[in-house]
**Q** 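Here it is: the structure, laid out below.
Counting begins at 1 with the first residue of the sequence. Note: hydrogens, waters and symmetry copies are ignored here, and every other heavy atom, side chains too, is used. We count ligands from 1, going down the list as the structure has it; atoms in each ligand are counted the same way.
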Amino acid sequence: MTDNTDLIAEATDVLRKNDQGGYTMPAPHLYPHQWLWDSCFIAIGLRHLDVDRAQAELRSLLRGQWNNGMLPNMIMSDAPAYAGDRNVWRSWLNPDAPSDVATSGITQPPMLAEAVVQVGLKLSLPERRTWYKQMLPGLVAYHEWLYRERDPHHEGLVILLHPWESGLDNTPPWMYELHEHLMPFWVRALDKMKLTPLLGFVRRDTWHVAPGQRFQMTESLALFDAQIRLRRKAYQTNRILDHSLFAIEDLAFNSMLIRANEQLKAIATTLRQPLSPGLTESMDRTAVAFDDLWDPYTGQYYPRDFVSHNLIKQSSVATLLPLYAGHISKERAAELVKLIESEHLFGPAYPLPSAPVNSPYFDADRYWQGPSWLNVNWMVIDGLKRYGYHDHAHALTESSLEMVRTYGCNEYFNPLTGEPLGAKDFSWTAALAIDLASD
Ligand code: GLC
């Protein structure tokens, strides 16, 4: 048995350093605000150190909840230094945005119900009930918003309007759509004239991380363009959908939604407080509609374009997340496990690569197009266990911890060599290493 004492001490130190009082920033310099799914993973680790602090982390997410139920992907730091970030988003343009904090105008994967349950597991039953009671109204409002605004035709699958909403920012299917169909003409023109480097000053990420580990320049400009289009419509989904740049039924997001729905139902059952029939029907529809994302020819799930209804057949680590969703058949789960076993797909030395090794997009250093991330590993480990693949789950846990033990709490890791990439002292890596080591 490996001794994880040093690893836990180092990870604890990272979480302490990134603690901003009421919330934990994902990493110093690069990510100073509060991010939605980051705080969920952070709370899952914090619950082993200080359950009150873990509860505070999740409660503080509700500060940013909009009146319509949306949970934004970012709640901005109110430090004077970040007036620029607050002003790019201008959440105050939408009447539903909270008046006392500035936020972004888009969401991020629905991990909150999972985090609430995981923190609840550390509480006695009466304490857990109190905790659930505090969190239930916000959770219900969020899931209702997802269905009301992001499933406008009641098809069961939720759509995303910007790659940042997926959490897997430059993941192959989204970048395929961007390059093939959606690149704004002005970015294309600048690129042809080789002028995009002149606009390097608009991005701050490459001050902190080597450019080869982040978005390409054209992609960064296109995403900024997409962000401004959403702002122009004051983040109102019905207005955005008239002329949206992106509208994708994302595989990762909908997989997490299915799990979140189950966890939300469990919370409601513990409280003996039934969810509304409308919400339950929507949830049931998702589990059924998800099957439309399966492609029998390649034996994989894919995201789907909302308008054309064509599957976007580019594989990414989202391909494995139906294991985490947990509702697919044992046979389908077995097919996905085979992908993890193959060295040329999702099984290099330090899995799970964010794009399969044989993908035309694969780049071992570039953000969500190759590197391994601990949060995805955590979800897949959880799914593997629920499907009974305990050896696979154990091996993935060990390789995840080995990367952190050897190189520290980096944002992501080279899947071929294990080398550290992205931001240093990254909170969810620290938190999930603690959780995996404590299991
Ligand atoms: C990056 C990641 C995103 C994360 C954010 C803050 O943008 O792609 O998933 O939430 O950083 O850590």
**Q** Under 3.5 Å, is there a donor-acceptor pair between the side chain of Trp373 and the main chain of Tyr367?
**A**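 Answer holds: yes.
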**Q** Only heavy atoms count here, so choose which of Trp35, Trp37, Phe41, Tyr367 is nearest to atom 1 (C) of ligand 1.
**A**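 Going through Trp35, Trp37, Phe41, Tyr367 one by one, Tyr367 has the nearest heavy atom to atom 1 (C) of ligand 1.
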**Q** Can you find an N or O of Asp169 that's nearer than 3.5 Å to an N or O of ligand 1?
**A**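 Min N/O separation from ligand 1 is below 3.5 Å for Asp169.
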**Q** Is there a polar contact, in the sense of an N or O pair closer than 3.5 Å, between Pro26 and ligand 1?
**A**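 Not met; the criterion fails.
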**Q** Do the numbers put Arg150 on top of the ring of Trp145, so that NZ or CZ is under 6.0 Å from the six-membered ring centre and no more than 45° off the axis?
**A**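 No, Arg150 and Trp145 do not form such a contact.
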**Q** Heavy-atom contacts with Gly167 under 4.0 Å: which atoms of ligand 1 show up? List them by number with element.
**A**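 Numbered from 1, ligand 1 contributes 2 (C), 3 (C), 8 (O), 9 (O).
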**Q** Hey, what's the ring geometry for Phe246 with His162, parallel, tilted or perpendicular (30° and 60° as the breaks)?
**A**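 Ring orientation, 0 to 90° scale: tilted.
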**Q** When the ring centroid of Tyr176 is compared with that of Tyr361, is the distance short of 6.0 Å?
**A**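 Distance test on ring centres: not under 6.0 Å, no.
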**Q** Before accepting this row, confirm whether a basic side-chain N of the pair Arg259/Glu262 lies closer than 4.0 Å to the acidic partner's carboxylate O.
**A**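 No.
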**Q** In terms of side-chain heavy atoms, does Tyr142 have a donor or acceptor partner in Thr107 at a distance below 3.5 Å?
**A**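 The answer is yes; a qualifying pair exists.
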**Q** Could you pull out, from Tyr412, Phe215, Trp368, Trp164, the option with a heavy atom nearest to atom 2 (C) of ligand 1?
**A**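 Shortest heavy-atom distance from atom 2 (C) of ligand 1: Trp368.
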**Q** Is it the case that ligand 1 has an N or O less than 3.5 angstrom from some N or O of Gln108?
**A**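 For ligand 1, there is an N or O atom that lies under 3.5 Å from one belonging to Gln108.
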**Q** Under 4.0 Å from a heavy atom of Phe426: which atoms of ligand 1 are those, numbered in the order shown and with their elements?
**A**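 Contacts of ligand 1 toward Phe426, numbered from 1: 12 (O).
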**Q** Looking only at protein heavy atoms, which one is nearest to atom 4 (C) of ligand 1, and how far off is it?
**A**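 For atom 4 (C) of ligand 1, the nearest protein heavy atom is Asp38 OD1, 3.5 Å.
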